[in-house]
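Report on one structure; see the data block that follows.
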Amino acid sequence: MGRVEGKVAIVTGAGRLGNIGVAVCRAFLREGAKAVVATDMRSEQAQEIKDLVASDGYPGAFRLVEHDVTSEADWERVVADTLAEFGQLDVLVNNAGISIHGGVEDTSLEDLRKVMGVNHDGAFLGIKYCAPALAESIDRFPGGGSVINTVSMASYMPNGGNIGYHVSKSAQRMLTLCAAVELGPKRVRVNSVHPGQTTTPLLREHYDDAGIEWLVNLSPLGIESVPEDTAHAFVYLASDEARFVTGASIYHDGGLARHY
Ligand SMILES: NC(=O)c1ccc[n+]([C@@H]2O[C@H](COP(=O)([O-])OP(=O)(O)OC[C@H]3O[C@@H](n4cnc5c(N)ncnc54)[C@H](O)[C@@H]3O)[C@@H](O)[C@H]2O)c1
């Protein structure tokens, strides 16, 4: 019996090889998910990702669909299509995210809104449009519905050079807490995973090898983390093992957050 046996999940930001979203999809399927609907704005690696997941050989269904998390119409379509094909929704992972480096003086309002749009508004819309279906999950599973937001240690730690990312992740953290309070009575749990350094294409866009080594050494454990490590935290929160867990923040950061 898998840890998310029979569940149906939507995972955003899962359209890039080597990223956290793809690792979460594969982990859910390994743990017996009935279906995983991966979504992303990107589609250029769609076939490679489908081939990779197929090569895992797990029995659950896998779909990869184009979806802009900032679009309400896209959310309506993704939720409707998921329910039409699989008849249920149990887990939502708001994982899509972007970063545009810059401080308060050199970030344009347009760039700030772009980052807020994906990192905060995208998660807000996901919860808004998925909540009614997630509230029915309690009829099937003792853990009820589960929303998992991929936030960041950036939501706690100020940084002078990346204002949009830190502010948007901070807003996404409070969104998690507010939604946990509101949706608890409907038996929808809302939690967050806060990765520290996780070697993915996004990290590689901003840091070279020396930069990643510097990040790794910031944490007490001092070891590199990869998406497959992070995915374990998502499996736990999606599973019925976490039926009493809501509004929680899992720091998946090698101890970086010891002061927060
Ligand atoms: N890698 C790290 O060290 C790290 C640390 C902390 C938090 N995170 C968070 O983890 C999440 C996943 O990041 P990742 O490192 O796997 O990077 P990634 O860039 O590979 O994944 C993010 C995905 O989001 C997609 N995306 C961007 N805008 C979108 C939109 N409007 N609609 C739909 N999809 C969109 C991208 O195409 C990409 O595939 C992000 O929210 C990121 O902020 C990552």
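We count ligands from 1, going down the list as the structure has it; atoms in each ligand are counted the same way. Positions are given from 1, in the same order as the sequence printed here.
- Using a cutoff of 4.0 Å between basic side-chain nitrogens and carboxylate oxygens, R140 and D90 are scored as salt-bridged.
- Closest protein heavy atom to atom 8 (N) of ligand 1: Y165 OH, 3.5 Å.
- With a 6.0 Å radius and a threshold of 12 heavy atoms from other residues, nucleotides or ligands, E44 has its CD atom above the threshold.
- For T12, the heavy-atom gap to ligand 1 stays at 4.0 angstrom or more.
- Remark: minimum distance from atom 32 (N) of ligand 1 to any protein heavy atom is reached at V69 N, 3.0 Å.
- Side-chain N/O atoms of Y129 and E72 include a donor and acceptor closer than 3.5 Å.
- Residue M41 has at least one heavy-atom neighbour below 4.0 Å for each of these atoms of ligand 1: 29 (C), 30 (C), 31 (N), 32 (N), 33 (C), 34 (N).
- The residue T199 has no part lying near ligand 1, judged by heavy-atom distances below 4.0 Å.
- When the options A123, A154, G97 are ranked by their closest heavy atom to atom 24 (O) of ligand 1, first place goes to G97.
- For the pairing with C130, the side-chain contact (heavy atoms from CB on, under 4.5 Å) check across V188, L125, L89 returns one residue only, L89.
- The pair D74-R77 meets the salt-bridge criterion, since a charged nitrogen lies less than 4.0 angstrom from a carboxylate oxygen.
- When hydrophobic side chains of Ile, Leu, Val, Met, Phe, Trp and Tyr are connected at separations under 4.5 Å, L177 ends up clustered with M174.
- For the residues V93, L202, D253, the heavy atom positioned nearest atom 17 (O) of ligand 1 is part of L202.
- At a 4.0 Å cut-off, not a single heavy atom of T39 sits close enough to ligand 1 to count as contact.
- Distances from ligand 1 to the non-hydrogen atoms of S71 include no value under 4.0 Å.
- What sits closest to atom 6 (C) of ligand 1 on the protein, heavy atoms only, is P195 O, 3.2 Å.
- For a threshold of 3.5 Å applied to N or O pairs, the pair formed by R42 and ligand 1 contains at least one separation below that value.
- Protein heavy atom closest to atom 14 (P) of ligand 1, with residue, atom name and distance, is T200 OG1, 3.6 Å.
- Contact between K169 and ligand 1 is present, with at least one heavy atom of the residue lying under 4.0 Å from the ligand.
- For the pair E205 and R16, the salt-bridge criterion is met [side-chain N within less than 4.0 Å of a carboxylate O].
- Of the candidates R173, Q172, H194, N149 forms a side-chain contact (heavy atoms from CB on, under 4.5 Å) with just one, namely Q172.
- Every residue two or more places apart in sequence or in another chain was checked for a ring pair (Phe, Tyr, Trp, His ring centres under 6.0 Å) with H232, and none qualifies.
- Between D209 and R204 there is a salt bridge, with a side-chain nitrogen of the basic residue lying less than 4.0 Å from a carboxylate oxygen of the acidic one.
- When the shell of 6.0 Å around NZ of K50 is examined, it contains more than 12 heavy atoms from other residues, nucleotides or ligands.
- Numbered from 1 in the order shown, with element, the atoms of ligand 1 that lie under 4.0 Å from a heavy atom of D68 read 30 (C), 31 (N), 32 (N).
- Scanning the protein heavy atoms around atom 4 (C) of ligand 1, the nearest turns out to be G196 O, 4.1 Å.
- Close approach of ligand 1 to T198 (heavy-atom distance below 4.0 Å) involves ligand atoms 1 (N), 2 (C), 3 (O).
- The part of L203 lying near ligand 1 is the side chain, judged by heavy-atom distances below 4.0 Å.
- Residue E182 qualifies as open at atom CD: its count of foreign heavy atoms under 6.0 Å is 12 or below.
- With a heavy-atom cut-off of 4.0 Å, N19 touches ligand 1 through backbone and side chain alike.
- Looking only at heavy atoms of the protein, atom 27 (C) of ligand 1 is closest to I98 CG2, 3.5 Å.
- Of the protein's non-hydrogen atoms, the one nearest atom 33 (C) of ligand 1 is H67 O, 3.1 Å.
- Those atoms of ligand 1 with a heavy atom of I20 less than 4.0 angstrom away are 10 (O), 16 (O), 44 (C).
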Item to check | Y251/Y156 under ring pair (Phe, Tyr, Trp, His ring centres under 6.0 Å): CA gap, chis, key distance, verdict | outcome: CA-CA 11 Å; Y251 296 176; Y156 297 95; 5.2 Å; yes
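- Nearest residue to atom 35 (C) of ligand 1 from A23, S43, A96 is A96 (criterion: closest heavy atom).
- Of all atoms in ligand 1, listed by their number and element, those nearer than 4.0 Å to a heavy atom of Q197 are 3 (O).
- Of the protein's heavy atoms, T150 CG2, 3.2 Å lies nearest to atom 10 (O) of ligand 1.
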Checklist entry - Does the side chain to side chain donor-acceptor pair (under 3.5 Å) test come out yes or no for K7 and Q88, once each step is laid out? => result CA-CA 8 Å; K7 298 197 179 194; Q88 68 191 73; over 6 Å; no
